[in-house]
4 protein chains.
Amino acid sequence: MDAVKTKRMPRAVREQQMLDAAVRTFGQRGYMAASMDEIAELAGVSKPLVYLYLNSKEDLFTACIRREAAALTEAVRAGVIPGRPADRQLWEGLRAFFTHTSRHPDGWAVLHLQARTHGEPFAAEVAAMRAEIVAFVTELILAAAREAHRDPDLPEREVAGLAEALVGAAESLAAWANATPGVTARQAAATLMNFAWAGLGNMMDGRPWSPPDAAHEVSG
Amino acid sequence: MDAVKTKRMPRAVREQQMLDAAVRTFGQRGYMAASMDEIAELAGVSKPLVYLYLNSKEDLFTACIRREAAALTEAVRAGVIPGRPADRQLWEGLRAFFTHTSRHPDGWAVLHLQARTHGEPFAAEVAAMRAEIVAFVTELILAAAREAHRDPDLPEREVAGLAEALVGAAESLAAWANATPGVTARQAAATLMNFAWAGLGNMMDGRPWSPPDAAHEVSG
Amino acid sequence: MDAVKTKRMPRAVREQQMLDAAVRTFGQRGYMAASMDEIAELAGVSKPLVYLYLNSKEDLFTACIRREAAALTEAVRAGVIPGRPADRQLWEGLRAFFTHTSRHPDGWAVLHLQARTHGEPFAAEVAAMRAEIVAFVTELILAAAREAHRDPDLPEREVAGLAEALVGAAESLAAWANATPGVTARQAAATLMNFAWAGLGNMMDGRPWSPPDAAHEVSG
Amino acid sequence: MDAVKTKRMPRAVREQQMLDAAVRTFGQRGYMAASMDEIAELAGVSKPLVYLYLNSKEDLFTACIRREAAALTEAVRAGVIPGRPADRQLWEGLRAFFTHTSRHPDGWAVLHLQARTHGEPFAAEVAAMRAEIVAFVTELILAAAREAHRDPDLPEREVAGLAEALVGAAESLAAWANATPGVTARQAAATLMNFAWAGLGNMMDGRPWSPPDAAHEVSG
DNA sequence: TATGAATGAGTGTTCATTCAT
DNA sequence: GATGAATGAACACTCATTCAT
C-alpha cells in the first residue's frame with residue numbers, strides 16, 4: 001500500500017525500501033512485535049528477499065538503527081555553523097535536533113525507545129551515536145567557558161554530567177514537543193536554551209548552586 | 001534458582017514474590033522477550049499459579065508498573081520535607097529520586113524503558129506517574145518564583161516545558177549515574193541542581209537567554 | 001448466584017446441587033467447554049468437594065446423563081396409561097416426551113447433543129436409554145398390529161427401523177418445537193402422530209408404499 | 001501415517017488434504033477434543049502450514065462444515081431426477097442421502113453431531129444447509145398434494161412440522177443404518193418411505209389421525 | 001533477481017486434578 | 001465435611017527462518 005510493487009529494482013533501491021518499511025514498522029509496533037512478514041509486505045517484496053539482503057531480523061534492526069542514527073547526527077551537524085559563538089552553535093544544534101526528530105518520528109522512536117529497550121546488540125549501537133552527541137555538547141560547554149575567559153575548573157566528570165543532563169533534557173523535550181500540539185521545534189529549542197544556558201552561564205560566573213551541608217542529612 | 005521453593009504460602013506473599021520475579025525479568029529481558037515460564041520459575045512457582053493470581057501477562061506487567069510507580073513516587077514524597085524553601089525541596093526530591101532508581105534498577109527499567117516502549121495499556125499507566133512528578137516540579141518552580149518575590153510572568157507552557165526538561169534530564173542522568181561507576185546518587189543530584197537551579201535563578205532575575213532574531217535564519 | 005451458599009448440607013442434597021449445576025453447565029457450554037471451576041462455583045461449593053463426591057469430570061458427566069435419562073424415561077412412563085389402545089398410548093407417550101424436553105432443555109441438550117457427541121463412555125449410556133424407548137415404541141407398533149387383527153408379517157428389522165424413524169422424528173421435532181415460538185408440546189405431538197400413525201395405519205391395511213423396481217436404477 | 005509425505009504441493013491440493021484430515025479428526029474426536037497437532041500430522045504437514053492456509057481452528061472447522069454440507073446437498077440434488085412424481089423424487093433423494101452419509105460417516109458426524117453441538121459460528125452454518133433440505137422436502141409434500149388433485153388445506157406450520165419430522169427421521173435412520181450391520185442405504189430409504197409416504201397419503205385422503213379430546217386429559 | 005511452500009521452536013493460556021490443612 | 005494452595009500436561013497460535021525453483 002506504500003511502496004509501489006515494481007519488479008527488478010537495483011539492489012540499493014530495494015534495500016532502502018526495506019529499511020523504510022522496517023523503520024516504520026519497528027517504530028510503530030516495537031522491535032519484538034514487528035514481524036518480518038509485515039515488514040516484507042510493507043516493503044512490497046517477498047520475505048526471502050528481505051533475508052537475502054539483510055540476513056536476519058537482528059541485522060535488519062541494526063541497519064535501521066545505523067541509518068537513523070547517521071541521519072540524525074548528520075542533521076545536527078548540518079544545522080550547526082562552525083566558528084560562531086558556543087551558545088549560538090548550541091542553539092542551532094538543538095533546533096536541528098528537534099526539527100529532525102519531529103519530522104522522523106518513527107526513526108526517533110527506533111533510536112530513543114526501541115533500540116535502548118532491547119538489550120545488547122542494539123543498545124551499544126545507539127549508545128555510540130549518543131556518545132558522539134554528548135561529546136559535541138561537552139565541547140561546546142568547554143568552548144563557552146573559554147569564550148567567557150574562564151579556566152574551567154569544573155571537574156571533567158562534572159562537565160560530562162552536565163552534558164548528559166542537557167542531552168537527556170533534549171530527548172525528553174523532543175517527546176514532549178511531538179506529543180503537545182502547537183509546540184514547534186523552535187519553541188522546544190528555545191525552552192531548552194533558557195533552561196540550560198542561563199544555568200550554565202551562572203556557573204561560568206562562578207556562582208554555582210551548592211548543596212546544603214551533608215552533615216545534617218540522612219544518608220543517600 | 002533464586003527464591004527458595006517454599007510451599008503453601010499465603011496468597012499475598014506469593015503475589016509479591018511473583019511481582020519481584022516479574023519486575024526483574026521484565027526489567028532485564030524486556031516486556032515481550034520475558035516469558036511467563038521464566039518469571040514463574042524465578043518466582044519459584046508453577047505457571048498456572050501466576051495466571052491464577054495475576055490473570056495474564058498484560059495484567060502482570062501492569063501490576064509491576066503500578067507497584068514500581070507507587071514505590072518511586074512514595075520514595076520521592078518521603079524524601080522531601082515540606083515547608084522548606086523550594087530549592088531545598090527540589091534538592092531533596094532529586095536525591096531521593098536518584099537514590100531510589102539506583103537501588104531498584106529493574107523497577108526503573110520497567111518504568112522508564114519497558115512501559116513506555118510497549119503501547120497503550122502501559123504507556124498511560126506510567127504517564128500518570130510522570131505527570132504527577134512533573135506537576136510536583138512545576139509547583140516547585142512556581143514556588144521558587146514566589147519566594148524570589150517575583151510575580152511569575154513566565155507563560156504557563158514555558159513552565160511546563162521547563163518542568164519537562166528538568167524531569168527528562170533527571171531520567172537521563174539516572175541511567176548515566178547507574179552506568180558510570182563511582183557516580184553516587186548524591187553527585188548526580190548535585191550535578192542536576194547545578195544545571196537546573198542556576199539557570200532558573202537567572203531567569204528569575206529577568207535575564208533569560210533569548211534566541212537570535214529568526215529573520216536571519218533558515219527555516220525550521 | 002443460583003444455589004444459596006449453605007454450609008454443612010447432607011451429602012445427598014449437595015450432590016443434587018452439583019448435578020443441577022453440572023447439567024446446566026454441560027447443557028449450555030458443552031461437555032468439553034464446561035469447566036469444573038464453573039460447575040463448582042455454580043453449585044456453590046469448592047472444587048475439591050466436587051471431586052470428593054463425583055470423582056472426575058467423566059464420572060460427573062455420566063451421573064448427569066444417568067439422572068436426566070432416568071428422569072426422561074420416567075416422565076414418559078408416567079405419562080402413558082397402560083391398557084389403552086396402542087395409538088392412545090403412543091399419543092400419551094409423545095406428549096409426555098415433548099413436555100419433558102421442553103421443560104428441561106439443559107437436560108435434553110445433555111442427552112441429545114452432548115452425550116452423543118463425545119465418544120464412548122457417554123454414547124453407550126444414552127444409547128441404553130434410547131434403546132429402552134425404541135423397545136417401548138416397537139412394542140406399541142406390534143400391539144397396534146395385533147389390535148388390527150393382523151398377523152404382523154412385517155419383518156423384525158422393518159419394525160425396528162420404523163421405531164427408529166419414529167423416535168428420530170420425535171427427537172428432531174423436540175428441537176424444532178423448542179426453537180419455534182408458539183409451538184406447544186401438544187402441537188408437536190399431534191404433528192408427529194399425524195405423520196406417523198396414518199402411515200403405520202396404511203401399512204396395517206396392507207397398502208405399504210413400495211419402492212420402484214431396482215432393475216432400472218443406478219446402484220446405491 | 002496416512003497421507004504419504006509428499007513435499008511442495010500446490011496450495012489447493014494441500015488444502016484439500018488438510019480438510020480431509022480435519023473432517024476425519026473432527027468427526028471422530030469431536031470439535032474440541034480434536035487437536036490441531038493431530039490434524040496436521042494426519043494431513044502430513046506441519047501445524048504452521050495449517051494455520052497459514054486455514055487461519056484458525058474455528059475457520060478450519062467452518063471450512064469442513066461448508067465442504068461437507070455442499071457435498072451432501074450436491075449428492076442429494078444429483079440423485080433426484082426432476083420432473084418425476086413427487087414420491088419418486090423423495091425416494092431418490094432419500095436413497096442419495098443414505099448412500100452419501102454411509103459413505104462419508106465422518107463428514108456426516110461433523111454435520112449432524114459436531115457442528116450442532118458447538119455453538120454459534122457453526123450451528124448457523126449447518127442450519128442453513130438443513131433449511132435448504134427441509135425446504136426441498138416441503139416442496140415435495142406440497143407437490144404431492146397437487147398431484148393428488150387436492151387443494152392442500154394443510155396449514156403452513158403443519159407442513160413445516162411434517163418436513164421437520166421427515167428430515168429428523170432420516171437423520172436418525174442414517175445413524176441407525178450405519179451402526180446396524182447389514183442395513184443398506186436402499187433399505188433405510190425404503191423403511192423411511194414406508195413410514196412417511198403412507199402416512200402422508202392418508203392425510204391426502206382426508207383421513208388424518210386426530211388427537212383425543214383434551215378435556216379428559218391431564219395438562220401438558 | 002525473486003518467491004511459493006514449508007517448518008522447529010516457542011509463546012501465552014487453560015484445565016482437570018490433587019495435596020495439606 | 002470442606003477448602004485454599006498448587007501443578008503437569010496440554011492446547012491454539014505465531015514467528016523467524018529456510019528450501020526448491
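Below, read A as the first sequence line, B as the second, and so on, with proteins coming before strands; counting in each chain starts at 1. From a predicted model like this one, the values you see are computed outputs, not experimental measurements. Only this structure's heavy atoms are used, side chains among them; waters, hydrogens and symmetry mates stay out.
Listed pair Arg14(A) / dA2(E) meets the phosphate criterion, a side-chain N or O lying under 4.0 Å from OP1 or OP2.
Thr62(B) is listed as a side-chain neighbour of Arg66(B), based on a closest heavy-atom distance under 4.5 Å.
As a whole-Å value, the separation of Tyr53(D) OH from dT14(F) P is 17 Å. Computed from coordinates, the Glu15(C) CD to dG1(F) C1' distance equals 13 Å when rounded to whole Å. We find that CG of Leu54(C) is positioned 14 Å from C1' of dA16(E), with the value rounded to whole Å. Rounded to an integer number of Å, the gap from Glu38(B) CD to dT11(E) P is 9 Å. Separating the CD atom of Glu41(C) from the C1' atom of dT3(F) is a distance of 15 Å, rounded to the nearest angstrom. Atom pair Arg29(D):CZ and dC11(F):C1' shows a separation of 15 Å (rounding to whole Å applied). Here the C1' atom of nucleotide dA16(F) and the CG atom of Asp59(A) are 13 Å apart, to the nearest Å. What separates CD of Gln17(A) from C1' of dA2(E) is a distance of 14 Å, to the nearest Å.
For Trp108(D) and His112(D), the ring centers sit closer than 6.0 Å to each other. Annotation: His118(D) is in aromatic contact with His118(C) [ring centroid separation under 6.0 Å].
Residue contacts for Arg11(D): at a heavy-atom cut-off of 4.0 Å it reaches the sugar-phosphate backbone alone, with no base atom in range.
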Each nucleotide N or O in nucleotides 13-15 of chain E that has a protein N or O under 3.5 Å away: list the pair and distance.
| from | atom 1 | to | atom 2 | distance (Å) |
| --- | --- | --- | --- | --- |
| dT13(E) | OP2 | Tyr51(B) | OH | 2.7 |
| dT13(E) | OP2 | Lys57(B) | N | 2.8 |
| dT13(E) | O4 | Lys47(B) | NZ | 2.6 |

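Sorted by first then second residue, the ring-ring contact (aromatic ring centres under 6.0 Å, His included) pairs that include residues 38-60 of chain C, not counting sequence neighbours, number zero.
For the atom pair CD (Glu38(C)) and CD (Gln28(C)), the distance works out to 8.5 Å, reported to the nearest 0.5 Å. A distance of 6.0 Å separates CD1 in Ile65(D) from CZ in Phe122(D), rounded to the nearest 0.5 Å.
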Could you summarise the pairing of DNA chain E as dot-bracket text, marking Watson-Crick and G-U pairs under 3.5 Å with ( ) or [ ] inside the strand and | across strands? .||||||||||||||||||||
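A residue-by-residue look at Tyr31(C) and Leu49(D) shows that Leu49(D) has its nearest nucleotide of DNA chain E further toward the 5' end.
Side-chain to base pairing of Arg8(D) with dA5(E): one donor and one acceptor N or O lie within less than 3.5 Å of each other.
Panel note: side chain Lys57(D), backbone Ala34(D); a donor-acceptor pair is recorded below 3.5 Å.
Relative orientation of the Phe26(D) and Tyr31(D) rings is tilted, given thresholds of 30° and 60° on the angle between their planes.
A salt bridge between Asp20(B) and Arg67(B) is present, with a side-chain N of the basic residue lying under 4.0 Å from a carboxylate O of the acidic one.
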